[in-house]
Amino acid sequence: MAAVLSVDEAGRLASGWRAAGKRLVLANGCFDLLHVGHVRYLQAARALGDALVVGLNSDASVRRLKGPGRPVMPAAERAELVAAVSGVDAVVVFEEDSADALIARLRPDVHAKGTDYTAQSVPERGTVEAVGAKVAIAGDPKTHSTKDLISTILTRFGQRAR
């Protein structure tokens with residue numbers, strides 16, 4: 001299982017990987033209710049380099065991005081699940097709404113985003129280019145989402161879910 005690190009710890013690890021000539025990939029997201037789309041995205045991201053760090057939005061950040069009632073699971077539990085995915089080398093929880101500061105700190109070779117983005121629409125694109133990295137789109141078509149999973153659970157189980 002991968003380590004869950006602070007931003008500073010992840011920065012030191014990234015520096016070591018760079019010094020060793022490894023190609024570092026950074027993926028990021030909320031990862032609330034881990035599903036197959038998340039796993040496919042992370043596996044595709046890992047295939048782009050030698051090491052994969054996953055940036056995970058903090059609880060406050062998820063609330064700002066996704067709205068009331070989210071996240072469903074706290075950051076520590078989401079981080080533990082993502083860290084257990086094969087190919088993930090480290091997980092870091094970050095407080096900001098975008099991964100710009102994390103990109104600036106880790107200086108990855110590749111910033112991988114899911115297929116709901118294009119290389120031109122990635123919000124962190126400017127920061128990625130500023131650190132000399134490349135944007136890559138990874139994963140399968142966006143046919144899975146936490147929002148849809150929550151909707152399915154409510155439709156099927158409604159008040160019966162306990």
Side-chain angles (χ1 to χ4, degrees), residues 1-5 7 10 14 23-103 106 108-128 133-158 160-162:
M1 188 153 113
V4 178
L5 306 173
V7 173
R23 184 173 172 85
L24 175 60
V25 179
L26 174 67
N28 72 283
C30 298
F31 301 98
D32 198 9
L33 293 184
L34 190 66
H35 56 71
V36 70
H38 291 137
V39 172
R40 291 173 182 167
Y41 161 53
L42 294 174
Q43 289 173 338
R46 179 61 171 81
L48 298 169
D50 302 309
L52 175 62
V53 174
V54 179
L56 187 119
N57 291 78
S58 70
D59 292 343
S61 176
V62 173
R63 270 190 293 284
R64 289 189 300 270
L65 294 169
K66 303 293 185 177
R70 302 281 299 273
V72 176
M73 294 188 303
E77 292 177 11
R78 292 182 286 123
E80 186 176 340
L81 287 170
V82 170
V85 174
S86 176
V88 173
D89 294 292
V91 177
V92 59
V93 177
F94 65 98
E95 297 296 327
E96 300 80 14
D97 292 351
S98 79
D100 287 300
L102 189 59
I103 292 164
L106 301 184
D109 297 289
V110 178
H111 179 52
K113 293 294 274 187
T115 58
D116 46 336
Y117 292 93
T118 66
Q120 292 72 35
S121 71
V122 170
E124 302 90 353
R125 181 176 167 214
T127 304
V128 171
K134 295 188 188 300
V135 170
I137 304 303
D140 64 349
K142 181 78 174 185
T143 57
H144 307 89
S145 74
T146 299
K147 181 179 175 183
D148 291 343
L149 183 56
I150 291 169
S151 180
T152 298
I153 291 167
L154 290 173
T155 300
R156 289 188 187 168
F157 302 102
R160 296 180 305 170
R162 296 183 198 262

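The figures that follow rest on heavy atoms only: side chains count, while hydrogens, waters and symmetry mates do not.
- Closest approach of A79 and V93 over heavy atoms only: CB-CG2, 4.3 Å.
- Between the CZ atom in R23 and the CG atom in L48 there is a gap of 7.5 Å [rounded to 0.5 Å].
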Walk me through whether S61 and S58 qualify under side-chain hydrogen bond (donor to acceptor under 3.5 Å, both in side chains).
CA-CA 5 Å; S61 176; S58 70; 4.7 Å; no
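- Residue N57 holds its CG atom at 9.0 Å from CZ of R64, rounded to the nearest 0.5 Å.
- Side chain of T152 to main chain of D148: a donor-acceptor pair is present (N/O by atom type, distance under 3.5 Å, no hydrogens or angles).
- Scanning all heavy atoms of the two residues, the minimum distance from V4 to A83 falls at CG2-CB, 4.1 Å.
- Between M73 and L81 there is a side-chain heavy-atom pair separated by less than 4.5 Å.
- Residues L42 and L52 share a closest heavy-atom pair of O-CD2, 3.5 Å.
- The line from NZ of K113 to CG of L26 is 9.0 Å long, rounded to the nearest 0.5 Å.
- In this structure, T115 OG1 and I137 CD1 are separated by 8.0 Å, a value rounded to the nearest 0.5 Å.
- The closest side-chain heavy-atom distance from L102 to V53 is not below 4.5 Å.
- Heavy-atom minimum distance, A27 versus Y41: CB-OH, 3.3 Å.
- Remark: the backbone N or O of Y117 is not paired with any side-chain donor or acceptor of S121 at under 3.5 angstrom.
- Atoms OG1 and NE2, on T146 and H35 in that order, are 4.0 Å from each other to the nearest 0.5 Å.
- Inter-residue side-chain proximity for P108 and V25 is flagged as unmet; no heavy-atom pair is nearer than 4.5 Å.
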Start with the C-alpha distance between V135 and E124, add both sets of side-chain angles, then the distance that settles side-chain contact (heavy atoms from CB on, under 4.5 Å), and finish with yes or no.
CA-CA 9 Å; V135 170; E124 302 90 353; over 6 Å; no
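- Inter-residue side-chain proximity for E80 and M1 is flagged as met; some heavy-atom pair is nearer than 4.5 Å.
- Contact annotation: the side chain of R63 never approaches that of P68 to less than 4.5 Å [non-hydrogen atoms, C-beta and beyond].
- Partners of F31 under the ring-ring contact (aromatic ring centres under 6.0 Å, His included) rule, at least two apart in sequence or in another chain, are H38.
- From D50, atom CG reaches atom CG of D109 across 8.5 Å, with rounding to the nearest 0.5 Å.
- Counting heavy atoms from C-beta on, the side chains of V7 and E95 never come closer than 4.5 Å.
- Residues C30 and K66 approach most closely at SG-CE, 3.8 Å, considering heavy atoms.
- Of all heavy-atom pairs between D59 and A75, the closest is OD1-N, 2.7 Å.
- The side-chain contact (heavy atoms from CB on, under 4.5 Å) search around V72 returns D32, L33, R70, I150, not counting sequence neighbours.
- With hydrogens and angles ignored, the 3.5 Å screen pairs no side-chain donor or acceptor of R40 with any backbone N or O of D140.
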